[in-house]
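For ligands, and for the atoms within them, numbers begin at 1 and follow the listed sequence.
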Amino acid sequence: MMTASMTSTATAPDAATKTKGLLELRQVRKSYGGFVAVDQLDLTVQPGEFVTLLGPSGSGKTTTMMMVAGFEEHTSGSVMIDGQPVDTLPPRERNLGVVFQNYALFPHMTALENVEFALRMRKVPASERRQRANEALKRVGLGTLGDRKPRQLSGGQQQRVALARALVFNPAALLLDEPMAALDKRLREQMQEEIKTLQKSLGISVLFVTHDQEEAMAMSDRIVVMKDGRIVQSGPPDEVYNHPLTDWVAGFLGDTNLIPCTVLERNGKEATVDLGGLGIARVRDQGAMGADYAVSIRPEHLKLSSTPPVDGGCGAVITSSTNLGATVRHRLTAGGHELMLREMSPESGTRSATDSLWVGWDPDKAQLLVLES
Ligand SMILES: Nc1ncnc2c1ncn2[C@@H]1O[C@H](COP(=O)(O)OP(=O)(O)OP(=O)(O)O)[C@@H](O)[C@H]1O
Ligand SMILES: [Mg+2]
């Protein structure tokens, strides 16, 4: 007894700091009658990590967030926060800051009162509330606007109040479900940077939802791609973008060239493939197995040159060019394939359709994947 209690007092504070913000979902499933909205979901957010659920409409992102927050009950599996099961805990006792797109501010309360409300709900003594709410508003850059009602604030300012309200009680983690969906592009980008800076300075874990792939790329330590209630790929943004496992993931994350291929040899890391008219090539291989394969190369990873590239490559003819401002998009035919290539405008300025050109790529940026659609 003596030893046990001594050990627990000695290690408790340490263990608590180590797991603060740790979110774990184990084999979580949610069905509505016969319809399965989320299935076999295994997901961990490490303390301080910024993880984004990215997927098309209806893929189960909000449902997943609601189950972590405790607003939806899962059908099976378990949810843990800070290393403890929370399956039976009501939302307020899960110590999570939540900003949902439709989780509006109270219109009759000022910004400051809205933030204080989160503390009132958690039974924080009245004497502390005002000061803590003011500090939270200051943290999101609204220190001087606490007296305004939501309708006297811009969309971006309202989102910041919601963020202050989610942060004010020092939560274990933040759950942000498309918090910037209603904002215009410019404000959205500004808020992305602000949220990222705030997250880093507080060292808080974030589970974020978006269906905007650029937003996911810009914000995340890790992207979890969801489709039909399941995780189809998870990894750092670069990895998911450059090394998609399937044509669906590749297409969802942006434009790509998919070149059907025959696999000649593979060793788990690299494969040798026959790309038809584009020749035999070595490409990256993540070991995904399926019936049909293709190689994915992003338009910005194809390179044009006026002499044959060292690593193979193929003669190419530009069929059309579109100036997109900073970049130019070319459509090409090469080895019987139609390809899309993107390059910076200055490099492109000197190209003409009559040039004799070659197209090539860095083998590390060519990814073998499974064709599923
Ligand atoms: N209460 C409910 N009853 C029945 N089906 C539901 C319910 N809530 C959600 N669903 C279904 O579960 C699926 C997942 O919904 P969810 O809201 O999680 O999607 P999402 O990925 O957040 O989509 P979006 O990007 O549009 O917000 C959808 O097909 C949806 O229709
Ligand atoms: Mg949603």
Between Ser201 (side chain) and Leu198 (backbone), is there a donor-acceptor pair under 3.5 Å? yes
Residue of the set Lys269, Arg282, Arg284 for which salt bridge (charged side-chain N to carboxylate O under 4.0 Å, His left out) holds with Asp364: Arg284
Specify the protein heavy atom at minimum distance from atom 26 (O) of ligand 1: its residue, its atom name, and the distance to 0.1 Å. Ser57 OG, 2.5 Å
Ligand 1 atoms in contact with Glu178 (distance to a heavy atom under 4.0 Å): 25 (O)
Would you call the rings of His108 and Phe106 parallel, tilted or perpendicular, where under 30° means parallel and over 60° means perpendicular? tilted
For Pro56, the atoms of ligand 1 under 4.0 Å from one of its heavy atoms are 21 (O)
Geometric N/O contact Lys61 with ligand 1, under 3.5 angstrom: yes
Will you find, in the side chains of Thr210 and Glu215, an N or O donor that is under 3.5 Å from an N or O acceptor? yes
Which residue owns the protein heavy atom closest to atom 18 (O) of ligand 1, what's the atom, and how far is it? Thr63 OG1, 2.5 Å
For Val240 and Ser234, the nearest pair of non-hydrogen atoms, with its separation, is CG2-C, 4.2 Å
min-distance protein heavy atom vs atom 5 (N) of ligand 1 -> Tyr32 CD1, 3.3 Å
Residue pairs fulfilling salt bridge (charged side-chain N to carboxylate O under 4.0 Å, His left out) with at least one residue in residues 30-57, sequence neighbours excluded: Arg29-Asp39, Lys30-Glu72, Asp39-Arg230, Glu49-Arg222
Does any N or O in the side chain of Thr246 come within less than 3.5 Å of the main-chain N or O of Val249, such that one atom is a donor and the other an acceptor? yes
Greater than 12 external heavy atoms within 6.0 Å of Glu193's CD: no
Is atom 31 (O) of ligand 1 close to the protein, meaning a heavy atom under 4.0 Å from it? no
Main-chain N/O of Ser154 paired with Gln157 side-chain donor or acceptor, under 3.5 Å: yes
Return yes or no for this condition: an N or O of Gly58 is under 3.5 Å from an N or O of ligand 1. yes
Check whether any heavy atom of Gly60 sits under 4.0 Å from an atom of ligand 1. yes
Is there a continuous path of hydrophobic side-chain contacts, each under 4.5 Å between heavy atoms, that joins Met109 to Leu145? no
Taking the six-membered ring of Phe117 as reference, does the NZ or CZ atom of Arg165 fall below 6.0 Å from its centre and within a 45° cone about the axis? no
Polar contact flag, side-chain donor to acceptor under 3.5 angstrom, His243-Gln367: yes
Contact between ligand 1 and Met226 is defined here as a heavy atom of the residue under 4.0 Å from a ligand atom; is it met? no
Consider ligand 1: state whether an atom of it lies below 4.0 angstrom from any non-hydrogen atom of Gly33. no
Distance filter under 4.0 Å to Thr62 heavy atoms, resulting ligand 1 atoms: 17 (O), 18 (O), 20 (P), 22 (O), 27 (O)
Under 2.8 Å from the Mg ion (ligand 2), which protein N, O or S atoms are there? Could you list them by chain and number? Thr62 OG1
Do Asn257 and His301 have a side chain donor and acceptor closer than 3.5 Å? no
Under a 4.0 angstrom heavy-atom cut-off, which atoms of ligand 1 come close to Phe35? 11 (C), 12 (O), 13 (C), 29 (O)
Give yes or no for whether the N/O distance cutoff of 3.5 Å, strictly under, is met between Ser59 and ligand 1. yes
